Amino acid sequence: MQSSLSISVSPHTSLTVQRSNRNALEPLAFAPPSKPLNLRFCGLTREALGFSSLRRNSDSFRFRLSSSARVRRADKFFVSASLSDNGSPPKTFDYDLLIVGAGVGGHGAALHAVEKGLKTAIVEGDVVGGTCVNRGCVPSKALLAVSGRMRELQNDHHLRALGLQVSAAGYDRQGVADHANNLASKIRNNLTNSMKALGVDILTGFGTILGPQKVKVGSDKVVTAKDIIIATGSVPFVPKGIEVDGKTVITSDHALKLESVPDWIAIVGSGYIGLEFSDVYTALGSEVTFIEALDQLMPGFDPEIGKLAQRVLINPRKIDYHTGVFATKITPAKDGKPVTIELIDAKTKEPKDTLEVDAALIATGRAPFTHGLGLENINVATQRGFVPVDERMRVMDSNGNLVPHLYCIGDANGKMMLAHAASAQGISVVEQVTGRDHVLNHLSIPAACFTHPEISMVGLTEPQAREKAEKEGFEISIAKTSFKANTKALAENEGEGLAKLIYRPDNGEILGVHIFGLHAADLIHEASNAIALGTRIQDIKLAVHAHPTLSEVLDELFKSAKVKAHVSGPVSEPIAV
Ligand SMILES: Cc1cc2nc3c(=O)[nH]c(=O)nc-3n(C[C@H](O)[C@H](O)[C@H](O)COP(=O)(O)OP(=O)(O)OC[C@H]3O[C@@H](n4cnc5c(N)ncnc54)[C@H](O)[C@@H]3O)c2cc1C
Ligand SMILES: NC(=O)c1ccc[n+]([C@@H]2O[C@H](COP(=O)([O-])OP(=O)(O)OC[C@H]3O[C@@H](n4cnc5c(N)ncnc54)[C@H](O)[C@@H]3O)[C@@H](O)[C@H]2O)c1
């Protein structure tokens, strides 16, 4: 229904829509206040126009205008209103918990919900497993497993040191691609079967939130649930001006299929995806050119670890780079012409260079996938596409109020775009809806980059720790150990590596741990568990590690820290054996 209504705007503060004709918008607009209305102004939602705080009385609506509101005194709007039962919360529910999105976040939440006795359903609009299983962690680690072996087999110096002789190593591109694809299928089946076996209902179709505790699945099925978790994940972010053709200008979605191994590939962005793919491509014979907007490669890592990573993972390989530049325009290869990349200086915005390469991989981050989710039906406005949540993953509406019974986990909330973070957030939400308050400590969540060797980290980087220490008035200390002093690493002829601990010398609190070296991704968990459990260095340094293992790198690290406090944890009674 559409009607022109008179509008008065008191500049910068409020806007009133006055009913000029008693029939206008009847019976929709002046329904009882318990019936929520969907109002649109010339087709736009009030959130999009910057109107908030709807107040209704019998003849008018009143909105508060935010500072960004796009409205002037003389503006005329066609106002349409719709009213449905969608807005009122149902009294009984089909499920205790409904999860929208069956990626790793949704899967983790579903399994924990069933364990807690909740009747659970999960909605998936594409394939179970989401990004991680189908287009992320899983196939990329399959490719990295190949690149690790290729590197080793091609490293004559390393092999000779071990007394090995291997004739020339080669690979079959399709065979490598099949390995990645087969692994993704296998894990996808495992995930699906684990949910089916536990009694999670898998509902196939795109999920749209219709109103409180109510979701439409596909075109017509409506499902109600006491609690709802949004777990809709993310998609590759491609900056404006970059044309992706899926063949010569690609994102990770395409690269993981390994349809070709270009002779020369530019990788735009030197974060996780860029770095991992540089490891794969160079092992398979490509030359790589990094294009990074910030002043250094791998800007997200602790700077000292970043420098070491550059010395080992970049400089000796067939990789060159341009830092401090944006790729503003990328045109795919066509009619025998190569891919062209226009670079501008990131600070001055002046044109800097034009590159011609065989292919370009765009690895400039990920964008939340929240489009079409129906958030406007519950008065939630996304922030750059991300769903706003508090520290308990509870969704907040446009007025900053919590939306009852609605949570968002994983890449869609943008807190930490990692598979295990999504899953941990899901478990945390289930704990809350089953009556146990739980706040996930994101500083205890580890991250790893699966290059050869690997990089891993948990907690703060050194600059972040220094900033916090200055603000809060405490001191920090740094301890380091080298893989060169570790027997197992030397036995493997893999002594290149460093572990770094950032801590408080006054009380032994672990602020951050960063590792570069063989199996760094596995080694980080002793540190992340210690942070999660609040274990202090003076306690953990008494723990015993098997010899000879790589885990002794961390043992040495904790032992080398100089903490002023004495043993602070409970000491268990020795067991008589
Ligand atoms: C190349 C690459 C490598 C990666 N490697 C790692 C790694 O090694 N380790 C790591 O921790 N992380 C890694 N990540 C990141 C990781 O994949 C993500 O953090 C993780 O997948 C996020 O999980 P999620 O459940 O939030 O979302 P997703 O996995 O994206 O799942 C969301 C699901 O929701 C579905 N969906 C979306 N909207 C709707 C809707 N309205 N209705 C129904 N269904 C919907 C989608 O189809 C999808 O299946 C990698 C990412 C990439 C791209
Ligand atoms: N091993 C893992 O855990 C793993 C692996 C892959 C991806 N991921 C996740 O996937 C997400 C996406 O990864 P990613 O590597 O795409 O993002 P990222 O945020 O890690 O890195 C993106 C990089 O691109 C640069 N950049 C952005 N726009 C640019 C432009 N126009 N020109 C040049 N440089 C530009 C940024 O400065 C940044 O260094 C990450 O958040 C990560 O958590 C994790």
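What you see is a predicted model, and the numbers here were worked out from it, not measured in a lab. Both ligands and their constituent atoms are indexed starting at 1 by order of listing. Numbering of residues begins at 1 and proceeds along the displayed sequence. Both backbone and side-chain heavy atoms feed into the values below; hydrogens, waters and symmetry mates do not.
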Handout entry: Trace of the ring pair (Phe, Tyr, Trp, His ring centres under 6.0 Å) decision for Y272 with F301
Key = CA-CA 10 Å; Y272 284 85; F301 298 146; 5.7 Å; yes

Exercise for the section: Just jot down the ligand 2 atoms closer than 4.0 angstrom to any heavy atom of Y272, in number order. Expected result: 1 (N), 2 (C), 3 (O), 4 (C), 5 (C), 6 (C), 7 (C), 8 (N), 15 (O), 20 (O), 42 (C), 44 (C)

Practice task
Check whether any side-chain heavy atom of K216 sits under 4.5 Å from a side-chain heavy atom of D220, and report yes or no.
Solution key: no

Exercise for the section: Please write down residue, atom name and distance for the protein heavy atom closest to atom 33 (C) of ligand 1. Expected result: E124 OE1, 3.7 Å

Practice task
Quick one: look up the protein heavy atom nearest atom 38 (C) of ligand 2 and list residue, atom name and how far away it is.
Solution key: E292 OE1, 3.7 Å

Exercise for the section: Indicate yes or no: does R311 engage E496 in a salt bridge with an N to O separation below 4.0 Å. Expected result: yes

Practice task
Look at ligand 1 and say whether A412 reaches it with a heavy atom at a distance under 4.0 Å.
Solution key: no

Fill in the blank from the handout: among protein heavy atoms, the one nearest atom 18 (C) of ligand 1 is D411 OD2, 3.3 Å

Problem - Atom indices of ligand 2 within 4.0 angstrom of P299 heavy atoms, with elements - result: 39 (O)

Practice task
Check ligand 2 against L418 and write out every atom of the ligand that is under 4.0 Å from a heavy-atom position of the residue.
Solution key: 3 (O), 43 (O), 44 (C)

Completion exercise
For A448, the ligand 2 atoms with a heavy-atom partner under 4.0 Å come out as 1 (N), 2 (C), 3 (O)

Exercise for the section: Give the intermediate values and the outcome of side-chain hydrogen bond (donor to acceptor under 3.5 Å, both in side chains) for residues Y321 and Q296. Expected result: CA-CA 10 Å; Y321 53 87; Q296 66 188 64; over 6 Å; no

Exercise for the section: Could you establish whether K141 and ligand 1 come within less than 4.0 Å of each other, counting only heavy atoms on the residue side? Expected result: yes

Handout entry: V127 near ligand 1 by a heavy-atom separation under 4.0 Å
Key = yes

Completion exercise
Atoms of ligand 2 under 4.0 Å from any heavy atom of V268, numbered from 1 in the order shown, are 32 (N), 33 (C)

Problem - Stacked cation flag K119 on Y95, 6.0 angstrom / 45 deg - result: yes

Practice task
Give the residue, atom name and distance (to 0.1 Å) of the protein heavy atom nearest atom 41 (N) of ligand 1.
Solution key: G207 O, 2.9 Å

Exercise for the section: Examine the side chains of S278 and R317 and answer whether a donor and an acceptor come within less than 3.5 Å of each other. Expected result: no

Practice task
Name the closest protein heavy atom to atom 43 (C) of ligand 1, giving the residue it belongs to and the distance to 0.1 Å.
Solution key: G125 N, 3.2 Å

Problem - For I291, the ligand 2 atoms whose distance to one of its heavy atoms is below 4.0 Å - result: 33 (C), 34 (N)

Exercise for the section: Pull out every atom of ligand 2 sitting under 4.0 Å from any heavy atom of F450, numbered as shown with elements. Expected result: 1 (N)

Handout entry: salt_bridge(K141, E276) N-O dist < 4.0 Å
Key = yes

Practice task
Note the single closest protein heavy atom to atom 10 (O) of ligand 2, along with its residue, its atom name and the distance in Å.
Solution key: R366 CG, 4.0 Å

Handout entry: Any N or O of L256 closer than 3.5 Å to N or O of ligand 1
Key = no

Practice task
Please write down residue, atom name and distance for the protein heavy atom closest to atom 13 (C) of ligand 1.
Solution key: C137 SG, 3.3 Å

Practice task
Below 4.0 angstrom from a heavy atom of G271, which ligand 2 atoms are there? Numbered from 1 as shown, please.
Solution key: 15 (O), 20 (O), 21 (O), 23 (C)

Handout entry: Location of contacts on S140 toward ligand 1, heavy atoms closer than 4.0 Å
Key = side chain

Handout entry: Lys/Arg N to Asp/Glu carboxylate O, K307 vs D302, below 4.0 Å
Key = no

Problem - Step-by-step side-chain hydrogen bond (donor to acceptor under 3.5 Å, both in side chains) determination, R151 to T282 - result: CA-CA 9 Å; R151 272 184 199 294; T282 51; 2.7 Å; yes

Handout entry: Which of the ligand 1 atoms, numbered from 1, are nearer than 4.0 Å to a heavy atom of G130
Key = 29 (O), 31 (O), 48 (C), 49 (O)

Problem - Nearest neighbour in protein (non-hydrogen) for atom 24 (O) of ligand 2 - result: G269 CA, 3.2 Å

Problem - Pair K352 + E342, salt bridge at N-O below 4.0 Å - result: no

Exercise for the section: Any atoms of ligand 1 less than 4.0 Å from a non-hydrogen atom of G410? List them with their elements. Expected result: 26 (O)

Exercise for the section: Please confirm whether G205 comes under 4.0 Å of ligand 1, counting heavy atoms of the residue only. Expected result: yes

Exercise for the section: Can you sort out which atoms of ligand 1 are near C132, meaning under 4.0 Å from one of its heavy atoms? Expected result: 17 (O), 21 (O), 29 (O)

Practice task
Identify the protein heavy atom lying closest to atom 52 (C) of ligand 1, giving its residue, its atom name and the separation to 0.1 Å.
Solution key: G136 CA, 3.6 Å

Handout entry: Side-chain ion pair, E356 and K337, N-O less than 4.0 Å
Key = no

Practice task
Please state which part of M416 comes within less than 4.0 Å of ligand 2, counting heavy atoms only: side chain, backbone, both or neither.
Solution key: neither

Handout entry: G103: numbered ligand 1 atoms lying under 4.0 Å from its heavy atoms
Key = 25 (O), 29 (O), 31 (O), 33 (C)

Problem - Region of I273 that comes within reach of ligand 1 [heavy atoms, distance under 4.0 Å] - result: side chain

Exercise for the section: For W264 and S286, run side-chain hydrogen bond (donor to acceptor under 3.5 Å, both in side chains): C-alpha distance rounded to whole Å, both residues' side-chain angles, the deciding distance at 0.1 Å, then the answer. Expected result: CA-CA 6 Å; W264 184 9; S286 306; over 6 Å; no

Practice task
Please lay out, stage by stage, how K214 and D94 fare under the test salt bridge (charged side-chain N to carboxylate O under 4.0 Å, His left out).
Solution key: CA-CA 10 Å; K214 199 177 290 180; D94 301 318; over 6 Å; no

Fill in the blank from the handout: F450 heavy atoms within 4.0 Å reach ligand 1 at atoms 8 (O)

Handout entry: Donor-acceptor side-chain pairing of H112 and E431 below 3.5 angstrom
Key = yes

Problem - Distance, nearest 0.5 Å, that separates CG of L275 from CG of D279 - result: 7.5 Å

Practice task
Check the pair V403, R394 against side-chain contact (heavy atoms from CB on, under 4.5 Å), reporting the backbone distance first and the verdict last.
Solution key: CA-CA 7 Å; V403 181; R394 296 178 293 192; over 6 Å; no

Practice task
Measure S234 to ligand 1 on non-hydrogen atoms and call it side chain, backbone, both or neither using the 4.0 Å cut-off.
Solution key: backbone

Problem - Part of V100 with heavy atoms under 4.0 Å of ligand 1, whether side chain, backbone, both or neither - result: side chain

Handout entry: Step-by-step side-chain contact (heavy atoms from CB on, under 4.5 Å) determination, L406 to I230
Key = CA-CA 8 Å; L406 186 67; I230 298 168; 4.2 Å; yes

Fill in the blank from the handout: Under 4.0 Å between heavy atoms, the region of T364 that gets near ligand 2 turns out to be both

Handout entry: Polar contact flag, side-chain donor to acceptor under 3.5 angstrom, D227-Q213
Key = no

Fill in the blank from the handout: Filtering T251, I455, D295, I273 for the heavy atom nearest atom 6 (C) of ligand 2 leaves I273

Exercise for the section: Output yes when D126 and R135 qualify as a salt bridge under the 4.0 Å nitrogen-oxygen rule, no when they do not. Expected result: yes

Practice task
Tell me which part of H107 gets within contact of ligand 1: side chain, backbone, both or neither, using heavy atoms under 4.0 Å.
Solution key: neither

